[in-house]
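Keep in mind that the numbers below use all heavy atoms, side chains included, and drop hydrogens, waters and symmetry copies.
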Amino acid sequence: MYASNLLLSQTLAGELAERTLACFIYNSKPVIQTVQEHVRDPIFDEMILRWPTAALALAATVMASEGQPGMMRLVASDLTFVSRKRPDLRPPRYNVTTYKPESLNSGYWFVAPYADLGAQSGSASLCQIGPHIYDNRGDLVWSGACDVKNRNTFDFRTWDEDGEHGFSSFVEGQPTGLDMWHNRGGGLIWDDNYTVMDSVEPTGEGPNYNFHEFTRLGDGGALVLYDGSSNFTDPETSENVLVWDGGFLELDSTGSIAFRWRVLDNIHVSESTEIRPEEETSTEWDWFHINSVDRDSDGNYLLSGRHTDSIYKISCKDRSIIWRLGGLRSSLAMDGFNFSRQHHARFMDENSGKTLISFLNNAADSHHETSATSAAYLVQVNENENMASLVKQWPRPDGKLGFYRGNVQLLDNGNVFVHWGDNGYTTEFDSEGNVLQEAHLVPSHLGTYRAYKFDFKATPSEPVAIRCSYAAAEKENNVTVCHVSWNGATEFAFWELFASDETAEPLVRGARTGFETVLVANGLHGSVYACAIAANTTTLGTSQPYHLDRTENSQPTTSTMAHAVQSPSQVDAQISWPSSSESQDWHSSAIFMIGVVFGLLLMNMGARYGPMIAGFRGRAR
């Protein structure tokens with residue numbers, strides 16, 4: 001089947017050219033590469049719901065991709081998920097390539113997309129920035145963007161403590177509505193119902209926390225980084241320089257500081273390989289750039305300094321540096337490897353004077369590079385011999401360098417999950433180094449600081465979401481169409497739809513099909529509700545009743561009904577949403593057919609008409 005579906009939106013006069021959506025599905029898979037800015041406007045989603053019949057397909061299918069004759073760039077909202085029930089949620093989509101699905105480790109991706117660092121607007125009109133969870137297929141499981149009011153979020157991961165489970169992250173600035181931090185940023189802790197149960201925040205005159213790290217410890221404490229600045233006088237040159245001045249803190253379960261380590265007290269600025277700002281500027285010299293800290297079972301710490309190209313093991317007893325790995329003053333000989341601009345140094349194992357650590361060797365920044373490509377490293381440090389050896393490396397599959405961000409996670413089954421820093425690009429390898437899966441965020445302007453993969457179970461405290469309307473299927477069969485979702489639920493397998501005022505038997509039962517599922521029930525029902533059902537038939541969640549108006553003006557219009565509806569149980573059917581004010585004359589049908597034909601012709605003639613199409617692209621974006 002060459003094209004399985006075309007969903008075209010008809011818009012109001014005056015907005016027709018600017019607000020036209022075409023979602024062309026090739027073999028049931030969207031082929032979407034670019035999108036107009038108007039797609040992010042909530043009014044656009046409303047138009048999809050109210051005027052979904054046909055118009056101007058040619059405006060949506062005239063963008064040819066560069067260097068790929070015949071392939072089309074389609075104007076559509078497939079850069080982000082679009083929920084009928086939750087139009088406020090606009091989490092970004094992932095482009096996923098899976099090579100060996102049977103070898104993937106089970107679990108979910110924990111990411112936190114953001115566009116720019118710095119204070120955000122706090123607007124939640126379109127929730128896209130913040131903590132998100134996706135499954136192995138790249139389908140959305142949970143969006144917490146509205147919960148943090150679209151604030152930049154970092155280091156989003158799970159935690160386990162005394163049999164309890166939940167999630168934690170660092171949230172930048174003051175999350176509007178949470179009334180904390182006074183724009184200083186801090187840690188948020190959720191339980192496994194997605195309810196904020198605690199926060200970790202700077203107190204009084206204490207230092208501001210740094211977003212790079214927020215690790216909840218098993219004893220209820222936390223590891224955080226902190227920032228500051230000071231005027232530093234170089235004892236060798238007597239030069240006074242404004243420098244970054246920070247370090248890390250271990251907080252106890254009450255939030256009090258149990259251990260504090262200041263970098264400038266222990267490391268000299270001469271270890272830095274970062275270019276110093278011009279003397280006439282007042283720019284702070286980010287000479288160290290602290291970006292991770294970890295604690296081992298003995299209480300010692302592992303610290304990463306990006307701008308010294310070094311990793312430090314620090315004693316919890318006397319605060320001394322036990323060893324330096326890498327950089328200008330490495331205390332360890334490095335056997336056949338190097339690294340620079342690293343991220344996410346982590347203890348993996350320690351035994352008899354040997355320490356196994358993992359980290360991402362970014363190997364470059366905008367000023368210089370030390371390797372041809374970035375790679376994840378597993379390194380063994382032999383403290384008895386002052387030697388470090390590269391045990392294993394996992395090079396970046398696309399052969400590129402990731403200048404910023406990233407992390408490495410060794411999974412329970414021996415696989416390795418690596419986030420390379422740019423555009424949310426992640427890879428899962430098996431223990432032999434074979435690439436099992438690659439994924440990246442579709443919107444090119446978004447990234448995530450770290451990405452993790454965890455097994456977890458969660459049952460949201462919020463109710464099931466439901467939205468319904470009437471429609472007419474083939475042979476004039478009237479049906480009730482409902483979109484149902486449950487943000488964050490992991491344990492249910494299928495849906496049941498019930499009439500509130502009729503039989504106790506479900507009107508329809510349908511398998512869960514991603515974040516949102518379409519349920520189609522025969523007949524017109526005035527009030528319905530949906531239940532999320534586990535595989536063992538236990539009801540896990542229920543929606544509030546959804547009331548529909550069965551007046552004459554709200555009756556479905558047969559001529560606008562998509563032919564995808566074959567039966568009430570077909571949960572993935574594509575349903576048009578008719579409006580009582582929608583004119584169904586021959587003009588609409590004619591425009592629809594002309595648009596479809598013209599669009600398909602351009603699909604096969606993209607190379608020939610490439611120059612003409614390129615000229616149109618500037619107006620369509």
Are any non-hydrogen side-chain atoms of [X] and [Y] less than 4.5 angstrom apart?
| X | Y | result |
| --- | --- | --- |
| Y226 | P202 | no |
| L303 | F248 | yes |
| Y312 | N266 | no |
| I322 | I314 | no |
| F211 | D155 | no |
| H440 | W420 | no |
| V464 | C531 | no |
| T427 | R396 | no |

Check: [Y] main-chain N/O paired with [X] side-chain donor or acceptor under 3.5 Å:
| X | Y | value |
| --- | --- | --- |
| S256 | D252 | no |
| R319 | R260 | yes |
| N136 | S106 | no |
| T373 | S371 | no |
| D191 | N193 | yes |
| Q128 | R90 | yes |
| S292 | A345 | yes |
| H419 | T448 | yes |

Validate the cation-pi geometry between R512 and F492: distance from NZ or CZ to the six-membered ring centre under 6.0 Å, angle to the ring axis within 45°.
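Yes.
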Counterpart residues, side-chain hydrogen bond (donor to acceptor under 3.5 Å, both in side chains), relative to S543 (two or more places apart)
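With sequence neighbours excluded, S543 shows a side-chain hydrogen bond (donor to acceptor under 3.5 Å, both in side chains) to no residue whatsoever.
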Criterion side-chain hydrogen bond (donor to acceptor under 3.5 Å, both in side chains) against S304, the qualifying member of Q342, R346, H344, H212
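It is Q342; the other options fail the test.
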Contact list for residues 379-391, test salt bridge (charged side-chain N to carboxylate O under 4.0 Å, His left out), sequence neighbours left out:
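Qualifying pairs, neighbours excluded: K313-E383.
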For [X], which residues count as a side-chain contact (heavy atoms from CB on, under 4.5 Å) partner, sequence neighbours excluded?
| X | value |
| --- | --- |
| K457 | T490, E491 |
| E496 | F494, F498, P506, R509, I533 |
| N415 | N105, L411, N413, E428, D430, L436 |
| D298 | D296, N300 |

Check whether the side chains of [X] and [Y] place a donor and an acceptor atom closer than 3.5 Å, and report yes or no.
| X | Y | answer |
| --- | --- | --- |
| Y301 | E250 | yes |
| N386 | W323 | no |
| D365 | Y404 | no |
| E438 | Y99 | yes |
| D227 | N208 | no |
| R157 | T215 | yes |

Report the relative orientation of the aromatic rings in [X] and [Y]; use parallel for angles under 30°, tilted for 30 to 60°, perpendicular for over 60°.
| X | Y | result |
| --- | --- | --- |
| F288 | W244 | parallel |
| Y134 | W109 | tilted |
| F154 | Y449 | perpendicular |

How close do L249 and P207 get, counting heavy atoms only, and between which atoms?
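The pair with the smallest heavy-atom distance is CD1-CG, 4.4 Å.
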K400, NZ atom: more than 12 neighbouring heavy atoms under 6.0 Å
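Atom NZ in K400 is not packed in, count stays at 12 or less.
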Over 12 non-hydrogen atoms of neighbours within 6.0 angstrom of CG in D412
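No, because the 6.0 Å sphere around CG of D412 holds 12 heavy atoms or fewer from other groups.
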Under the side-chain contact (heavy atoms from CB on, under 4.5 Å) criterion, do D147 and W142 qualify, and how do the steps go?
CA-CA 11 Å; D147 293 354; W142 179 68; 3.5 Å; yes
Residues I357, M348; criterion side-chain contact (heavy atoms from CB on, under 4.5 Å); working and verdict
CA-CA 5 Å; I357 66 172; M348 290 292 104; 5.7 Å; no
Yes or no on side chain to side chain donor-acceptor pair (under 3.5 Å) for D139 and Y94, after CA distance, side-chain angles and deciding distance?
CA-CA 8 Å; D139 287 336; Y94 267 90; over 6 Å; no
